[in-house]
Structure formats: structure tokens, C-alpha cells
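A quick write-up on the structure given underneath.
Nothing fancy with the numbering, it's 1 onward along the sequence.
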Amino acid sequence: MSALTRGNQFWKQFVQYEETIRQCLTNQDYETLYPIVEDLDEEVYENFGCHFFVENTYGDFEAVFDTGPNKTCQYLGNMLVQLAPDEVKKNWILHETLPPLSQKAIQAQIQVKDGIYTLADFYAFYDVEENNKTVSVKIYCPAYKLIDNDENKRLMSLYLLELALGQKEYETFISNVTYIDEPDRDLKFCELTEFYDVLCDMAEEKGWKFYDSALEIYSVYQPYKDIASDALRKDMKIIFTTNPLLIETTLEKQVDVLLDMEAKEGEYGFIYYTNPYNTEQDAIYRQTLTMQFSEMFEQYPVARVIGGSMGKSYSYIDVAIYDKAEFNKLFNRIQKQLRDNVDLYYQTFKSTLK
């Protein structure tokens, strides 16, 4: 069963309980709500690797796919939002990743010794990195003095900062996160619950770029300085990707990221073709094709463009596939439509590691 089919099944199940869930949120009937949402969360986690929760925020019903930083899970969270029925989209605000200061964040509690601490007990000390348009953050809480395990403090700081900022802003603006046991008088600081507003106001004032989705954040690689081969996927001069770990691991012939997607009934692959011009025009042509595929996948969410690359001999459009059979049908149709202009081919990332 494909990830796409499982996504549609999830929404069928959600629709059965949707009215009850809204009533429970409105009436704060959590005794009835929790078992329903727990079942939905278990299904989402088992099939897509992320968590699911709902909340009522000042009268707005919100449903959240909490993917964490795992890009495979983020692609699938985005797919789930795409697949949501119109009747759900009419009543719900849907989040493909964790939003800032959700109810999950407000209700989060950390027990240290005999004390209970919430987000309001933590502070963000930060240093602005103008060249990178990012911020380095040190998380402080008086309770940190009571914790001997440094790794626990580091992981706690990462987790709480993600809760405070949401996944998108965390990935957009944060370069480094650590912890401190004593306040750092040389750094600016604010309460962690206020850090999202402080950070966004500063980024807007400085003209830093904002994104609508964590999946719009691209990294650029130049894997080979000397082009020694014209072979497929070995001729790449520059790579653009929303999934750096996928690129880094496959260049090293590791399969962990590929197997993660396979376990969720999807596939990573790439569309490729021979460069038609052997000039700068090739980059423009690849961009045009990429936009065509992206628009097609918006209409038919069987896959998503996640990056690509320019090579000496070939150009590549990397994709995350949610339904291999339906993708093949769509790809064959596009091949026929464009065959007078370009010959398109498809391969899996896994096939290049042999």
C-alpha cells in the first residue's frame, strides 16, 4: 500500500470523527477527545513517522503533523495536508510541521528533581550572525544546575526551542543551539515564550528571508571540483536540495534515508535528461521543467520536487514519490507530451549506489 493510499485512508478515518473532535475541543471534553486523537496519532506515526494532534486556538480548530527535522516525514506531512478533503480544509487550519507556541508547547512540562518547569521558566540568550542571517542560541534555566547529564540538557534545549519557534522558523533562523548553567551577560536574552516574536521582528527589520514552508529551504552543494566522469549522477557540478541528508548520504553510498522513505511506502528518485544546449541556457531550461513538474504535482500529489542538479552531461530533477504506480502513469504521460522537445528518464537514487 502506497504512502498516498495510506494518506487518503487517514483522512477517511479523521472525517468520521471530525465533528466529534470539534465538539470536544469546543466543550473542553478531553476525556472523550484523547482516545480518538491517540488512535489517529498512532496511525500517523506508524505510517508516516510523525505525530498528530489537534487544538482549539482562540476559536480556530488546528490540526498539526509534528514531523520534527526529518525531511522524509516533512514531505509526508506536506502530502497529508495536500490530500485533506475540502470539508476538512473548510473547518481546520492544517499545519504540515509544528507551528510556533502551539498548545503542545504551552502545556509542555519538564520535571527536574522535585520541581516542574514549563516553557515560561526558560530563557533564550542569543547572538546574531549577520553574515549567515541566522542566530546562535543558548538556552538557560535555573534548574540546569541540578542536572548532571550534559547531553540531557542539550537535547532538552533543542526540543524546547523547537516548541517555542516551530519547525519552520527553527530551520530558517537557528544556526546553533546549546545550553548554559549561568546567564551569559554578554548576550541579548528574552524569555523563551517571547523569543518567536523577538526573532521574527528582528529578522523582518533586517530584511532576512522568510519561508512559507520548511520545505522551501534549499541548500546548495558543489560535489566535484574536477569533473572526471560523464556518467549519470557522477557529472554533477552543482546540487540544489531541500534534503541535505539525502544528498550527503547517497554521495557516500549510504542508504539510511532511502530505507526510511521505503519503510513509509515511498521512494526517492530523479528525473533526468541530456543537456540540450551545453550553455547557460541549460539552467533556465531545467528551471522551467522543474516548475512544470511542481505544478503538476500540486494538481496530482503523487510526488514532490525536492531539488535537482546541473551536470556536465545531464540535468536532474529530484523527487520524493508517494505512489510509485501513479507516478509512473503521470510520468509516462509527461514523457509523451514533451518528447518533441526532450527525452525524459527516471531512476531511483538506490539504483545509483550499486
Side-chain angles (χ1 to χ4, degrees), residues 1-85 87-111 118-119 155-156 158-168 170-171 213-215 260-266 301 320 322:
M1 187 183 299
S2 71
L4 184 72
T5 300
R6 288 176 171 175
N8 284 321
Q9 285 187 342
F10 165 78
W11 285 117
K12 287 180 182 178
Q13 184 177 351
F14 181 85
V15 166
Q16 292 177 3
Y17 296 104
E18 190 263 343
E19 186 175 351
T20 300
I21 292 172
R22 284 193 288 116
Q23 289 176 350
C24 287
L25 286 171
T26 300
N27 299 328
Q28 298 183 358
D29 179 7
Y30 300 118
E31 185 176 352
T32 303
L33 177 67
Y34 285 153
I36 297 173
V37 176
E38 283 177 3
D39 286 345
L40 294 171
D41 175 57
E42 286 180 10
E43 181 178 344
V44 169
Y45 186 75
E46 180 179 350
N47 291 326
F48 309 109
C50 54
H51 286 288
F52 175 77
F53 64 91
V54 298
E55 55 189 30
N56 183 350
T57 308
Y58 304 110
D60 290 326
F61 300 109
E62 302 191 30
V64 179
F65 297 98
D66 186 1
T67 63
N70 185 310
K71 286 298 172 183
T72 297
C73 296
Q74 289 183 12
Y75 296 139
L76 294 171
N78 174 267
M79 177 202 72
L80 286 164
V81 170
Q82 277 188 279
L83 292 175
E87 60 190 293
V88 173
K89 292 178 179 178
K90 181 176 68 175
N91 294 320
W92 291 82
I93 298 172
L94 303 177
H95 298 280
E96 63 185 41
T97 57
L98 184 70
L101 288 174
S102 64
Q103 286 299 311
K104 180 178 181 179
I106 301 302
Q107 295 170 1
Q109 293 184 339
I110 304 294
Q111 182 169 355
T118 69
L119 219 62
L155 293 176
M156 189 185 304
L158 288 169
Y159 174 67
L160 293 174
L161 186 59
E162 287 179 357
L163 286 178
L165 296 183
Q167 196 63 42
K168 174 167 60 75
Y170 181 92
E171 293 188 20
S213 166
L215 297 178
D260 185 25
M261 179 61 100
E262 286 182 15
K264 298 172 176 62
E265 300 298 334
Y322 311 135

Tell me which donor-acceptor pairs under 3.5 Å the side chains of residues 96-105 have, and how far apart each pair is, sequence neighbours excluded?
{"residue": "Glu96", "atom": "OE1", "partner": "Asn78", "partner atom": "ND2", "Å": "2.8"}
{"residue": "Glu96", "atom": "OE2", "partner": "Ser213", "partner atom": "OG", "Å": "2.5"}
{"residue": "Ser102", "atom": "OG", "partner": "Lys104", "partner atom": "N", "Å": "3.3"}
{"residue": "Ser102", "atom": "OG", "partner": "Ala105", "partner atom": "N", "Å": "3.4"}
{"residue": "Lys104", "atom": "NZ", "partner": "Asp66", "partner atom": "OD2", "Å": "2.5"}

Please step through side-chain contact (heavy atoms from CB on, under 4.5 Å) for the pair Phe10 and Leu83, ending with a clear verdict. CA-CA 10 Å; Phe10 165 78; Leu83 292 175; over 6 Å; no
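- The structure places CG of Asn8 at 13.0 Å from CD of Gln13, a figure rounded to the nearest 0.5 Å.
- Shown here for Gln74 and Ala214, the closest heavy-atom pair between the two residues is OE1-CB, 3.7 Å.
- The heavy-atom pair separating Thr67 from Cys73 by the smallest distance is CG2-O, 3.5 Å.
- In this structure, the separation between OG1 on Thr32 and CG on Leu25 is 11.5 Å, given to the nearest 0.5 Å.
- Each of Leu80, Asn70, Leu215 was evaluated against Tyr75; a single residue qualifies, Leu215, per the side-chain contact (heavy atoms from CB on, under 4.5 Å) test.
- When all heavy atoms of Glu162 and Pro69 are compared, the pair lying nearest together is OE2-CD, 4.3 Å.
- Interatomic distance, OH of Tyr322 versus OG of Ser2, reported as 12.0 Å (0.5 Å rounding).
- Looking at Val37, Ile21, Val44, Ile36 one by one, the single match for side-chain contact (heavy atoms from CB on, under 4.5 Å) with Phe14 turns out to be Ile21.
- Pairs passing the salt bridge (Lys or Arg N to Asp or Glu O under 4.0 Å) check and including a residue from residues 15-31, sequence neighbours excluded, read Glu18-Arg22.
- With a 4.5 Å cut-off on side-chain heavy atoms, Cys50 and Leu76 do not count as touching.
- Going from atom CD of Glu55 over to atom CG of Leu33 covers 11.0 Å, rounded to the nearest 0.5 Å.
- Across all their heavy atoms, Ala320 and Met261 have their closest contact at CB-CE, 3.8 Å.
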Report the C-alpha separation of Leu158 and Tyr170 in whole Å, then their side-chain angles, then the decisive distance to 0.1 Å, and conclude whether the side-chain contact (heavy atoms from CB on, under 4.5 Å) test is met. CA-CA 10 Å; Leu158 288 169; Tyr170 181 92; 3.1 Å; yes
Distance-only donor-acceptor hits, side chain of residues 57-65, under 3.5 Å, sequence neighbours excluded:
{"residue": "Thr57", "atom": "OG1", "partner": "Glu62", "partner atom": "OE2", "Å": "3.2"}
{"residue": "Glu62", "atom": "OE1", "partner": "His95", "partner atom": "NE2", "Å": "2.6"}

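- With sequence neighbours excluded, the residues that form a salt bridge (Lys or Arg N to Asp or Glu O under 4.0 Å) with Lys71 are Glu171.
- Partners of Glu38 by salt bridge (Lys or Arg N to Asp or Glu O under 4.0 Å), not counting sequence neighbours: none found.
- Partners of Asn47 according to the side chain to side chain donor-acceptor pair (under 3.5 Å) rule, which considers only residues two or more places apart in sequence or in another chain, do not exist here.
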Derivation of the side-chain contact (heavy atoms from CB on, under 4.5 Å) call for Phe52 and Glu43: CA-CA 9 Å; Phe52 175 77; Glu43 181 178 344; over 6 Å; no
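- The heavy-atom pair separating Gly7 from Met79 by the smallest distance is CA-CE, 4.3 Å.
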